[in-house]
2 protein chains.
Amino acid sequence: MQVTAAKSFRDLCAEHGIAVTHQRQVLYEVMQGMSGHPSPEEVYARVKKKIPAISLATVYKNIHLFVESGVFRKMSMHHGSVRVEMNSEAHHHMVCSKCKAITDIGEQELGLVSKRTRLPGGFLVERYAVDVIGLCPKCQ
Amino acid sequence: MQVTAAKSFRDLCAEHGIAVTHQRQVLYEVMQGMSGHPSPEEVYARVKKKIPAISLATVYKNIHLFVESGVFRKMSMHHGSVRVEMNSEAHHHMVCSKCKAITDIGEQELGLVSKRTRLPGGFLVERYAVDVIGLCPKCQ
DNA sequence: GTGGATGCAAACGCTTTGCAGGTTT
DNA sequence: AAACCTGCAAAGCGTTTGCATCCAC
């Protein structure tokens, strides 16, 4: 399986036109294994267990690289720092106005998304990102 | 009119339980006169023209105070800094994925908002904040 | 008079950058 | 060999904080 994983990461890098490095591969695997919207520091902490000498700067550089090259998607942030979207399915976010917790909600479950691709003013729609602001069950 | 403005600001402060100060009043008026999603620095630059000695810290403190006490609403940010929502009507945002420009779009024009107030998992909806990601006319 | 507000400067957290040395292509 | 990547340390930016002074209530 290591061979398989290594191979697909190679392919992924090839597809996105970026070089394969050990740090990059471990970073990628660690991020894949995280859910939600991890912060760079959280990612760094985990990667450090596998590569103790890795630098935080490298983590930042590669998170950006992954986002820019389309490997991961950056999410619009309610956190104060850069976050990456680890849920690859179409979904939106419920943001608790009290405790600030963010929970994913599937596009189906939310059930309000339009199919329009062009808006007044000529704006061309790529996708909708909905934040539902409200109270989570715990805070009600 | 100065009297009127002064009076309504007094009332506003009373309603929100905050003290009336000169800096606070000028800050409020300046912010009212700005549209879109001004940054603290932008606000600071304008206020400084009227009160040259004002401190940036004071601007930050009062923006937070205004947001916390409900005078203004903080918007979820695509900018890298704190932004305040100056458009008081129900609306959403169109974010250009290329040039990052943010344009408001009225709730009516967007036409996709649900009336549901409770979501799966028991989340209690206060409001929806929709970001439409896409290309603005200039970037298409 | 007392609690809160201001201004200043220093501190802060997160992120980026410059650079020397090492790795990938 | 050329281009790129890494790690380190320093710098950068936006924001917050501590504190002495000052103002609103």
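Letters go in sequence order (proteins before strands), and every chain restarts at 1.
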Between CG on residue A/Asp104 and CD on residue A/Glu89, distance to nearest 0.5 Å: 9.5 Å
Whether B/Arg83 side chain and B/His37 backbone form a donor-acceptor pair below 3.5 Å: yes
Sub-4.5 Å side-chain heavy-atom contact between A/Met86 and A/Phe72: yes
Atom-pair distance (CD on B/Glu41; C1' on D/dT15), nearest Å: 10 Å
Between C1' of C/dG4 and CG of B/Leu65, the distance in whole Å: 11 Å
D/dC13 OP1/OP2 closer than 4.0 Å to side-chain N/O of B/Ser81: no
Rounded distance in Å - OH (B/Tyr44) to P (D/dC13): 16 Å
Length of the CD-P vector between B/Glu68 and D/dT15, whole Å: 15 Å
Heavy atoms of other groups near B/Gln140 CD, more than 12 under 6.0 Å: yes
Check: B/Lys61 side chain, C/dG7 base, donor-acceptor under 3.5 Å: yes
Whole-Å gap separating P (D/dA24) and CG (B/Asn62): 13 Å
Integer-rounded Å distance: D/dT6 C1' and A/Gln25 CD: 16 Å
Pairing residues for A/Lys48 by the side chain to side chain donor-acceptor pair (under 3.5 Å) criterion, not counting sequence neighbours: A/Tyr44
5′-ward residue of the pair B/His22/A/Ile18 relative to DNA chain D: A/Ile18
N or O in side chain of B/His64 less than 4.0 angstrom from D/dT16 OP1/OP2: yes
Nucleotide nearest B/Thr58 when distance is taken to its side chain, options C/dT15, C/dT6, C/dT16: C/dT6
Close approaches to DNA chain D from residues 50-57 of chain B, in residue order (heavy atom, under 4.0 Å): B/Leu56, B/Ala57
same_hphob_cluster(A/Leu135, A/Val95) at 4.5 Å side-chain heavy-atom cutoff: no
Value in whole Å for how far the P atom of D/dC13 lies from OH of A/Tyr60: 16 Å
Qualifying residue, where the test is side-chain contact (heavy atoms from CB on, under 4.5 Å) with A/Phe66 and the options are A/Arg24, A/His16, A/Lys74: A/Arg24
Gap between atoms CD and C1', on B/Gln23 and C/dA5 respectively (whole Å): 8 Å
Selected nucleotide, minimal atom distance to B/Arg24 side chain, candidates C/dA5, C/dT15, D/dT16: C/dA5
